[in-house]
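Shown next, in structure tokens, is the structure this report addresses.
Just so it is clear, the structure is predicted and the values come from calculations on it, not from any experiment.
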Amino acid sequence: MTSSTRDALWSSRAVRFLRPAALTCEGLRRGARGGAGLDGLDLVVPVGARLLVVADPDAAGSLLVRILAGLVRRDAGRLRIAGMERPHAGRDGWGRRIAYVGPESGLYSWMSAAEALELAARLALLDAATARHRIDEAVARWGLATGVNRPMRRVGLAHLQRTAMAAALLSEPEVVLLDEPLRALDPDERMRLLRLPGDRRTMILASRYPASEAGCVNQVALIRGGRVAVHAPVAALEERGLPLSHRGVATLLEPSGIYRRESA
């Protein structure tokens, strides 16, 4: 199946049956302190999935997302994300098709939300009309109108985190990599904003608080011993009456699949 454009490829009837992979990891290895490394990790995430990554220890989930974003070099293994095995620039390159937002915003304290969005538009090589339209939409969706021209040092942490998300998504990336994003927001607003639009958009979210991600993910993966021990739909937890938690996901490893609550 070939196509001259990505849109033509995604609109083909065959895609609905083939479920192509947005992410493929084979044998990823990376050493880290405290047992938080990766040791031959394999993972395949289909296009359009909203995957929650939980880990034991927690830091292994963040490490995986940072490797996927190209911020940490892997020691070994193969990685293919958004159809690419290595970063490259251009209108159809890594920076436009993949977005990352971590616990820190990465925005300069002197920069305003308006400036951050304009910079994101330039980096994505958007034409002026498209940039203006997307910036206006982002300001509305992410609640940035109040204080949009104030420097980051004069706005609250919640405004700063919303700005980072808005800037990262301005290019309409295919794959969104998130590591504990939007923690300064109240739970309801955070859940609403993390329900990202787009059936073809894939989200991979590393979280130390899996219960707080209910409603915005449809798959969950548990990393244990540096490898993926569980990768299952959230529906598998719901069918067994299991909570979206470390213990709930780990229960899927047990032959009985029965969740036993600890006594008080």
Next item on the list: Could you list the residues that satisfy side-chain contact (heavy atoms from CB on, under 4.5 Å) with Ala250, not counting sequence neighbours?
Entry: Leu222, Arg224
Checklist line | Nearest non-hydrogen partners of Glu115 and Met111, listed with the distance | finding: OE1-CA, 3.4 Å
Checklist line | Shortest non-hydrogen contact from Met191 toward Ala214 | finding: CE-O, 2.7 Å
Item checked: Heavy-atom closest contact (Leu237 atom, Gly248 atom, distance) -> CD2-O, 3.6 Å
Under 3.5 Å, side-chain donor or acceptor atoms of residues 181-188 against the rest of the protein: list the pairs with distances, not counting sequence neighbours.
| from | atom 1 | to | atom 2 | distance (Å) |
| --- | --- | --- | --- | --- |
| Arg183 | NE | Glu180 | OE1 | 3.0 |
| Arg183 | NH1 | Ser212 | OG | 3.2 |
| Arg183 | NH2 | Glu180 | OE1 | 3.1 |
| Arg183 | NH2 | Ser207 | OG | 3.0 |
| Arg183 | NH2 | Ser212 | OG | 3.4 |
| Arg183 | NH2 | Glu213 | OE2 | 2.8 |
| Asp186 | OD1 | Asp188 | N | 3.1 |
| Asp186 | OD1 | Glu189 | N | 2.9 |

Margin query: Just verifying a value: how many Å separate Glu254 CD and Arg240 CZ, rounded to the nearest 0.5 Å?
Written below: 11.5 Å
Note to self: Measuring only between side-chain heavy atoms, which start at C-beta, is Leu253 closer than 4.5 Å to Val230?
What the structure shows: yes
Next item on the list: Please answer whether the main-chain N or O of Asp39 pairs with a side-chain N or O of Arg227 as donor and acceptor at a distance below 3.5 Å.
Entry: yes
Next item on the list: Check whether any side-chain heavy atom of Asp56 lies under 4.5 Å from a side-chain heavy atom of Ile223, and answer yes or no.
Entry: no
Please tabulate, one pair per line, all N/O donor-acceptor pairs under 3.5 Å involving side-chain atoms of residues 58-80, not counting sequence neighbours.
| from | atom 1 | to | atom 2 | distance (Å) |
| --- | --- | --- | --- | --- |
| Asp58 | OD1 | His246 | NE2 | 3.2 |
| Ser62 | OG | Asp179 | OD1 | 2.9 |
| Ser62 | OG | Asp179 | OD2 | 3.1 |
| Ser62 | OG | Arg208 | NH1 | 3.4 |
| Arg74 | NE | Gly77 | O | 3.0 |
| Asp75 | OD2 | Gly31 | N | 3.0 |
| Arg78 | NH2 | Glu85 | OE2 | 3.2 |
| Arg80 | NH1 | Glu85 | OE2 | 3.4 |
| Arg80 | NH2 | Gly83 | O | 2.9 |

Note to self: Quick check: do Leu169 and Ser171 have side-chain heavy atoms less than 4.5 Å from each other?
What the structure shows: no
Notebook entry, point to check: Does one hydrophobic cluster hold both Leu107 and Leu178, with members joined at side-chain heavy-atom distances below 4.5 Å?
Noted result: no
Checklist line | Approximate separation, where rounding is to 0.5 Å, of Arg132 CZ and Leu126 CG | finding: 11.5 Å
Note to self: Just verifying a value: how many Å separate Arg192 CZ and Cys216 SG, rounded to the nearest 0.5 Å?
What the structure shows: 12.5 Å
Please tabulate, for side-chain N and O atoms in residues 139-156, each donor-acceptor pair with protein atoms closer than 3.5 Å (sequence neighbours left out).
| from | atom 1 | to | atom 2 | distance (Å) |
| --- | --- | --- | --- | --- |
| Arg141 | NH2 | Leu193 | O | 2.8 |

Checklist line | Over all atoms of both residues, closest heavy-atom pair of Ala121 and Leu170 | finding: N-CD2, 3.6 Å
Check: Side chains of His231 and Gln219: does their closest heavy-atom pair fall under 4.5 Å?
Finding: yes
Next item on the list: Can you tell me which residue pairs pass the ring pair (Phe, Tyr, Trp, His ring centres under 6.0 Å) test with a partner in residues 109-132, sequence neighbours excluded?
Entry: Tyr108-Trp110
Next item on the list: Step through the shown structure and confirm whether more than 12 heavy atoms of other residues, nucleotides or ligands are within 6.0 Å of CD on Glu137.
Entry: yes
Notebook entry, point to check: Rounded to the nearest 0.5 Å, how far does OG1 of Thr251 lie from CZ of Arg247?
Noted result: 6.0 Å
Item checked: Distance (rounded to the nearest 0.5 Å) between Asn218 CG and Met203 CE -> 8.0 Å
Note to self: Nearest 0.5 Å, please: how far is CG in Leu160 from CZ in Arg162?
What the structure shows: 10.0 Å
Margin query: side-chain contact (heavy atoms from CB on, under 4.5 Å), that's the test. Do Met165 and Leu194 meet it? Break it down for me.
Written below: CA-CA 10 Å; Met165 285 289 293; Leu194 286 179; 4.1 Å; yes
Margin query: So Glu26 and Thr24, do their side chains get closer than 4.5 Å, heavy atoms only?
Written below: yes
Side-chain donor-acceptor contacts of residues 40-55 below 3.5 Å, not counting sequence neighbours, with atom names and distances?
| from | atom 1 | to | atom 2 | distance (Å) |
| --- | --- | --- | --- | --- |
| Asp42 | OD1 | Gly27 | N | 2.6 |
| Arg50 | NE | Arg201 | O | 3.1 |
| Arg50 | NH1 | Leu196 | O | 2.8 |
| Arg50 | NH2 | Leu196 | O | 3.3 |
| Arg50 | NH2 | Gly198 | O | 2.6 |
| Arg50 | NH2 | Arg201 | O | 3.3 |

Checklist line | Criterion side-chain contact (heavy atoms from CB on, under 4.5 Å) on Leu177 and Ile98, from CA distance to verdict | finding: CA-CA 8 Å; Leu177 306 170; Ile98 301 169; 3.9 Å; yes
